[in-house]
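As the structure lists them, so they are numbered: ligands from 1, and atoms in each ligand from 1. What you see is a predicted model, and the numbers here were worked out from it, not measured in a lab.
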Amino acid sequence: MEKERSSFTGKIGFVLAAAGSAVGLGNIWRFPYLAAKYGGGIFLLVYLILAVTFGFALMTAEIAIGRKTGLSAIGAFKKLGKKYAFIGYLESIVPIIILPYYCVIGGWVTKYMVTFISGGAIHTIADDYFGAFIGQPLAPMIYFAVFLGLTTAVICLGVEKGIEKVSKIMMPVLVVLSVIIAVYAMFLPGAMEGVKYYLLPDFSQFSVTTVLAAMGQMFYSMSLAMGIMVTYGSYMKKEVNLESSVRQIEIFDTGIAFIAGLIVIPAVFAFSGGDEAALGKGPGLMFVTLPKVFESMAGGTFIGTLFFVLVLFAALTSSISLMEAVVSIIQDKFKISRGRSCFFTVLISVLLGVPSSLGNGAWSGIKIIGMDFLSFFDFISNSVLMPIVAFFICIFAGYVIKPKTIIEEAEEHGQKFSEKGLFTVVIRYVAPICIVLILISSVLDAMGIMKI
Ligand code: PHE
């Protein structure tokens, strides 16, 4: 099958490529609105605990499985255990569901960037600007098409490497710029309340839904439980230290999400007094709040423009990795050419993306278990499929191939893997038990009234 597999040149190359996939809209758009909605500090705390335990174990397992077999998800699980190929298939469904609606949101970012560049920043501060925009039938669809087109062009032209190079420069700029904006936002009048809400956990706000939301977000943000890290692992050289790579990707990913929260949440308090309705705004939160921050800043239009350009790049590197995954899954599964596979991927994206976009306006009356299309796809992938996949990976790594296999892989070429105990306990006991409990309670929840 695969002969020479191209590989990342070294640790930095691997970490940056994986971080390019991980850091995206999940960090900047999704994390802050979930944190705002699920009680601020308590969500952040749960998220951090999950990231260093569960996220660490799962990412280690996925990358090790990929590196050991040199194959992407479907082949990798099959190779290690014939009966377990289904995990690979299950994993493969996730990016197919995520890609379409990811491009819809990428389209929103594109729209904001274009508006800022063309001098329309001032219009975006109106409270109903965002809602009015996504509620239109045509405009968001055009931007969705632009974003999907950009992603497709990169994949078809095979210029991912070029994009990665550019994003290696842009990512650090994004970090620096975000820190500057965060510091500014924190000192807006009234924002300190938001900083407290975000940093100090209020344990009375703790619920199972918080854990489920944080867990789904962790998978999403770190590109876990969807086969992507298995594929990245298959390109990783044996002499690169796996454990410290995982740590670095996690720090990168969590750091950016943390800073994004530090921009958005204090700003909600500064501009809306942090009332419940404003905090619970959901997917629109970043788009409604950020323009207000930029508007109040000296040189805000320039900073805002730069910010949206950088976010667009972060989103593109993620959508590219998503599309790459989908294209190769379809290609391998149906044994068709790459061009055809690209075509089908775009077709699926349009078929699922159009309702995701229309669900905010013309089709807002259509609900699936109480959700519009976009929220439904988001819910099904993050809160249902990914936990299920993660459960099977834990069982597979913990009981079928055993933690020993993963640890040995991580210790290739005399590398050090220091968290053996943590890894084993989490992957065998803590994670699977937690997932089952959380899934059961969320299903029960869904039978009542379901909200994400
Ligand atoms: N992790 C990316 C983000 O945070 C999203 C993504 C999911 C990318 C799955 C690739 C695969 O935006």
Side-chain angles (χ1 to χ4, degrees), residues 15-35 47 50-51 55 58-59 62-63 66 72-73 90-110 147-148 151 154-155 160 163-164 167 170-171 174-175 178 213-233 246 249-261 283 286 310-329 345 349 352 374 377-383 385-387 389-390:
V15 169
L16 284 176
S21 165
V23 176
L25 295 170
N27 310 59
I28 300 155
W29 154 76
R30 204 171 185 275
F31 181 85
Y33 92 70
L34 288 178
Y47 186 87
L50 286 174
L58 207 62
M59 193 182 284
E62 286 205 50
I63 294 179
S72 46
L90 214 52
E91 277 203 311
S92 307
I93 303 173
V94 182
I96 298 177
I97 299 178
I98 294 183
L99 177 65
Y101 85 82
Y102 201 86
C103 289
V104 171
I105 299 152
W108 300 348
V109 174
T110 315
F147 188 86
L148 177 62
T151 309
V154 172
I155 296 280
E160 295 96 318
I163 296 287
E164 265 165 30
S167 85
M170 295 189 100
M171 285 287 201
L174 178 65
V175 175
S178 304
M215 192 166 79
Q217 170 61 18
M218 187 194 70
F219 297 146
Y220 185 94
S221 185
M222 294 184 189
S223 307
L224 293 175
M226 55 187 101
I228 292 199
M229 285 299 160
V230 178
T231 309
Y232 275 89
V246 169
I249 301 165
E250 278 193 320
I251 292 172
F252 221 137
D253 191 69
T254 309
I256 296 195
F258 175 76
I259 302 167
M286 160 184 134
L310 296 168
V311 173
L312 187 69
F313 256 86
L316 265 177
T317 52
S318 297
S319 67
I320 290 165
S321 82
L322 269 170
M323 187 180 253
E324 183 65 55
V326 178
V327 169
S328 54
I329 288 162
T345 306
S349 303
L352 299 183
L374 196 153
F377 291 137
D378 190 78
F379 172 77
I380 273 296
S381 48
N382 289 275
S383 301
L385 275 172
M386 291 195 223
V389 171

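Y220 and Y101 have parallel rings, their planes meeting at less than 30° on a 0 to 90° scale where 60° marks the start of perpendicular.
Here the closest heavy-atom approach between residue L58 and residue A390 is recorded as CD2-CB, 3.8 Å. Across all non-hydrogen atoms, the minimal contact from I228 to S21 is CG2-OG, 3.8 Å.
Within 4.0 Å of ligand 1, heavy atoms belong to protein residues S21, A22, G24, L25, G26, N27, Y102, Y220, S221, S223, M226, I228, S318, S321, L322.
When the options S319, S349, S321 are evaluated for a side-chain hydrogen bond (donor to acceptor under 3.5 Å, both in side chains) with T151, the one that passes is S319.
Judged purely by atom type and a 3.5 angstrom limit, S221 has no side-chain atom pairing as donor or acceptor with the backbone of Q217.
The salt bridge (Lys or Arg N to Asp or Glu O under 4.0 Å) pairs that include a residue from residues 317-329 are E324-R338, where partners are two or more places apart or lie in different chains.
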